[in-house]
Each structure stands twice: as structure tokens, then as C-alpha cells.
Amino acid sequence: MIFVKTAEEIELLRESNQLVGKTLGELAKHIRSGISTLELDRIAEEFICSHGALPGFKGYGGFPNTLCISVNDVVVHGIPSAKCILKEGDIVSVDCGTLKNGFYGDSAYTFEVGEVSEEVRKLLRVTKESLYKGIEKVMAGMRIGDIGHAVQSWCEASGFSVVREMVGHGVGRDLHEEPQVPNYGRQGQGVKLQEGMVIAIEPMINLGKRYVFQDNDGWTIRTRDKKPAAHFEHTVAVGKKGADILSTFEFIEQASGN
């Protein structure tokens with residue numbers, strides 16, 4: 001079932017998603033060579049709780065931590081660890097969720113650790129651009145396939161590949177609601193968007209082939225060819241004439257000076 005949100009519910013969703021953006025902005029101040037992903041997780045949990053919310057991911061489906069932190073060839077759902085120490089040249093996707101006033105926030109951003117290679121920088125740029133290409137297709141009357149097609153065509157034009165197994169989703173009183181929002185598809189196909197729907201669009205794009213596998217921990221998704229992957233995500237509300245982006249990268253940009 002697809003839940004269409006009221007204007008009041010969308011404002012509560014905005015509050016949760018803005019807190020995710022602020023949390024990612026706080027993490028941007030700490031992401032550097034030498035820090036562990038578990039330390040980043042601790043910082044995020046403390047920050048979220050100090051703002052009157054709960055970590056949206058911790059305990060969800062049994063996930064053990066506040067953040068999904070995915071380094072280099074990890075596409076999504078990486079588990080923070082004291083043994084995973086960031087180093088110069090890494091890229092790290094941080095996926096964060098909050099639960100406040102009964103509604104979830106969900107957003108992700110892939111950070112550079114120091115200087116990264118030119119091809120990896122291009123992967124991040126194109127993946128982030130594809131997120132906004134998908135968002136451009138969000139308005140009442142458009143189809144889920146229009147979003148996926150926009151993401152897919154933008155990334156494949158640069159020689160990158162789109163992960164098929166992991167998709168975006170509806171967001172509301174549950175972290176993962178219907179409909180699913182793939183990052184590939186055909187124009188004019190799929191669920192029709194209605195005003196008041198709230199969805200997370202999250203391109204997961206690989207430098208190499210699109211194929212992935214799951215680690216034995218039951219969570220971590222990696223590229224089969226060991227090449228890097230990028231991941232960016234916004235939660236948006238469907239309007240009559242376009243998307244209302246509920247999450248934000250503003251605080252990341254402030255912290256990083258971009």
C-alpha cells in the first residue's frame with residue numbers, strides 16, 4: 001500500500017530529514033584519514049539523540065548501528081567497525097536515518113577522504129548529478145520509470161553502471177514503504193506519482209560492472225569486481241509541479257567549504 005501524506009505529515013517528515021542533513025554536516029567535520037567508521041557512528045548517534053530523535057537505522061531489521069558506512073567497493077549497508085580506519089584516497093558513503101515525531105528521515109552522501117583519483121571524482125560527480133536528474137522527474141502524473149530512466153541514462157552515458165538489486169523506496173511512518181524506486185527503468189512505466197507521496201531516490205552507481213554480492217555478515221553489499229561505488233540519496237515529496245526536497249546537503253557543503 002502507498003501512503004499519501006498530508007501537508008502536516010510532510011512537515012514532520014521535513015523535520016526528520018533536515019536532522020539527517022545536519023547529522024551528515026556534523027560528520028563532514030570529522031571525516032578524515034585515521035578516523036574509524038565506528039567513531040563516526042558514535043558521533044552521529046550522540047548528535048541525533050541530542051536533537052530529540054532516535055537513530056532510524058539502529059535495530060531496524062536487526063541492523064546493529066546508527067549509520068550505514070560504505071567504503072570504496074562497498075555499495076551500501078556497510079557496518080561501522082573500530083577496525084575500519086579511513087585513509088587518504090578512500091571514498092565513504094554515509095547513509096543516515098532518523099526517527100522523530102513518528103516519521104523517518106533518510107539521506108546519504110559519498111565523501112572523499114583527502115585527494116581521490118580523477119576517475120573516482122568523476123564517479124561521485126555523475127552519481128550526485130543523476131540524483132538531481134531523477135528528482136527533476138518528480139511531479140504528480142509522472143511515473144517511477146521516468147525517475148529510473150533519468151538516473152540510468154545519465155550514469156551510463158559516462159560509462160558507469162547502475163546497481164539493480166538495491167532501490168529507493170517510500171518514506172513515512174516506516175523507513176521503507178511502497179513504492180520501490182529503482183535507479184533504472186523505462187519512461188512512462190511503473191507506479192504513477194501522486195501529490196503527497198514521499199519517496200527516497202538513491203542512485204547506487206558503480207565505476208565498473210553493475211554486479212554486486214552480499215558479505216557473510218548479511219548486510220554489506222560489495223561490487224563483484226572490487227571497483228568503487230558511489231551513493232547519494234534525498235527524500236522528496238511529490239508536488240503538482242515538481243519535487244519538494246525534504247532532506248538537504250546544505251550542512252555538508254557548509255562544513256566542507258564547497
Side-chain angles (χ1 to χ4, degrees), residues 15-114 116 124 166 171 174-176 200 202 204 214-222 228-235 246-258:
E15 189 175 342
S16 295
N17 278 282
Q18 289 289 307
L19 178 55
V20 174
K22 291 174 183 176
T23 306
L24 291 172
E26 181 65 22
L27 291 168
K29 302 172 186 176
H30 298 275
I31 289 175
R32 64 182 186 277
S33 179
I35 195 169
S36 74
T37 56
L38 188 62
E39 176 63 11
L40 294 173
D41 191 74
R42 184 197 64 75
I43 292 167
E45 181 167 354
E46 187 176 284
F47 188 87
I48 291 167
C49 293
S50 71
H51 285 75
L54 295 172
F57 295 170
K58 194 169 188 179
Y60 188 89
F63 189 76
N65 291 84
T66 291
L67 301 172
C68 296
I69 306 184
S70 306
V71 181
N72 296 332
D73 66 319
V74 179
V75 183
V76 284
H77 300 166
I79 299 174
S81 166
K83 295 180 180 178
C84 183
I85 309 295
L86 299 182
K87 63 183 186 302
E88 182 84 10
D90 283 345
I91 57 171
V92 52
S93 160
V94 181
D95 194 351
C96 179
T98 59
L99 177 59
K100 189 173 185 181
N101 298 320
F103 288 91
Y104 280 90
D106 191 7
S107 182
Y109 195 93
T110 301
F111 296 88
E112 301 174 18
V113 182
V116 304
L124 268 58
M166 317 303 295
V171 182
D174 197 351
L175 179 60
H176 293 118
E202 49 178 320
M204 290 158 273
Q214 187 177 68
D215 276 359
N216 292 333
D217 62 19
W219 287 103
T220 307
I221 304 294
R222 296 180 184 271
H231 176 212
F232 290 86
E233 177 183 19
H234 271 316
T235 295
L246 305 180
S247 49
T248 181
F249 294 154
E250 174 190 354
F251 301 102
I252 297 169
E253 291 160 358
Q254 288 176 0
S256 61
N258 292 337

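Side chain of Asp217 to backbone of Trp219: a donor-acceptor contact under 3.5 angstrom is found. Within the 3.5 Å criterion, the main-chain N or O of Gly78 finds no donor-acceptor partner in the side chain of Thr220. The backbone N or O of Ser107 sits nowhere less than 3.5 Å from a side-chain atom of Ser247 that would complete a donor-acceptor pair.
Listed here is the closest heavy atom pair of Asp106 and Val20: N-CG2, 3.9 Å. Listed here is the closest heavy atom pair of Ala53 and Leu19: CB-CD2, 3.5 Å. Heavy-atom minimum distance, Leu124 versus Ala230: CD1-CB, 4.0 Å. The minimum heavy-atom distance linking Gly97 with Ile48 is given by the pair O-CD1, 4.0 Å. Between Leu67 and Ala44, the shortest heavy-atom distance links the atoms CD1-CB, 3.6 Å. Scanning both residues, Ala255 and Ala28, for their nearest heavy atoms gives CB-CB, 3.8 Å.
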- Message: Between His234 and Phe249, is the ring pair (Phe, Tyr, Trp, His ring centres under 6.0 Å) condition met? List the steps.
- Response: CA-CA 9 Å; His234 271 316; Phe249 294 154; 4.0 Å; yes
- Task: Mind running side-chain contact (heavy atoms from CB on, under 4.5 Å) on Lys22 and Glu26 for me, showing each step along the way?
- Result: CA-CA 6 Å; Lys22 291 174 183 176; Glu26 181 65 22; over 6 Å; no
- Can Leu40 and Ile69 be said to form a side-chain contact (heavy atoms from CB on, under 4.5 Å), step by step? CA-CA 9 Å; Leu40 294 173; Ile69 306 184; 4.0 Å; yes
- Dump the intermediate steps for side-chain contact (heavy atoms from CB on, under 4.5 Å) on His77 and Met166, then the final yes or no. CA-CA 10 Å; His77 300 166; Met166 317 303 295; 3.3 Å; yes
- Item | Residue pair Ile79, Asn65: steps toward the side-chain contact (heavy atoms from CB on, under 4.5 Å) verdict | CA-CA 7 Å; Ile79 299 174; Asn65 291 84; 3.4 Å; yes
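Annotation: salt bridge (charged side-chain N to carboxylate O under 4.0 Å, His left out) contacts of Glu15 (sequence neighbours excluded): Lys100. Residues passing the salt bridge (charged side-chain N to carboxylate O under 4.0 Å, His left out) test with Arg32, sequence neighbours excluded: none. Residues passing the salt bridge (charged side-chain N to carboxylate O under 4.0 Å, His left out) test with Glu250: none are found, sequence neighbours excluded. The ring-ring contact (aromatic ring centres under 6.0 Å, His included) check on Phe251 picks up nothing, with sequence neighbours excluded.
A distance of 4.5 Å separates CG of Leu175 from OH of Tyr60, quoted to the nearest 0.5 Å. Rounded to the nearest 0.5 Å, atoms CG (Leu99) and CG (Leu54) are 5.5 Å apart. With rounding to the nearest 0.5 Å, the separation of CG in Leu38 from NZ in Lys83 is 12.0 Å. Taken from OG in Ser256 to CD in Glu112, the straight-line distance is 9.5 Å, to the nearest 0.5 Å. Atom CZ in Arg42 sits 11.0 Å away from atom OG1 in Thr66 (nearest 0.5 Å). Atom OG1 of Thr110 is separated from atom CE of Met204 by 10.5 Å, given to the nearest 0.5 angstrom.
Asn17 pairs in a side-chain contact (heavy atoms from CB on, under 4.5 Å) with only one of the listed residues (Leu246, Thr98, Thr248), which is Leu246.
The closest side-chain heavy-atom distance from Ile31 to Ile35 is not below 4.5 Å. Considering only heavy atoms from C-beta on, Phe103 stays 4.5 Å or farther from Val171 through its side chain. With contacts defined as side-chain heavy-atom distances shorter than 4.5 Å, the pair Val71/Thr37 qualifies.
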Would you list the atom pairs, donor with acceptor, under 3.5 Å between side chains in residues 84-96 and any protein atom, with sequence neighbours excluded?
residue	atom	partner	partner atom	Å
Lys87	NZ	Asp90	OD1	3.1
Glu88	OE2	Glu115	N	2.9
Asp90	OD1	Asn72	ND2	2.9
Asp90	OD2	Lys87	N	2.8
Ser93	OG	His231	ND1	3.2

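Taking the six-membered ring for Trp and the full ring otherwise, the centers of His176 and Tyr104 sit at least 6.0 Å from each other.
Applying the salt bridge (Lys or Arg N to Asp or Glu O under 4.0 Å) test to residues at least two apart or on different chains, the pairs with a partner in residues 48-75 are Glu45-Lys58, Asp73-Arg222.
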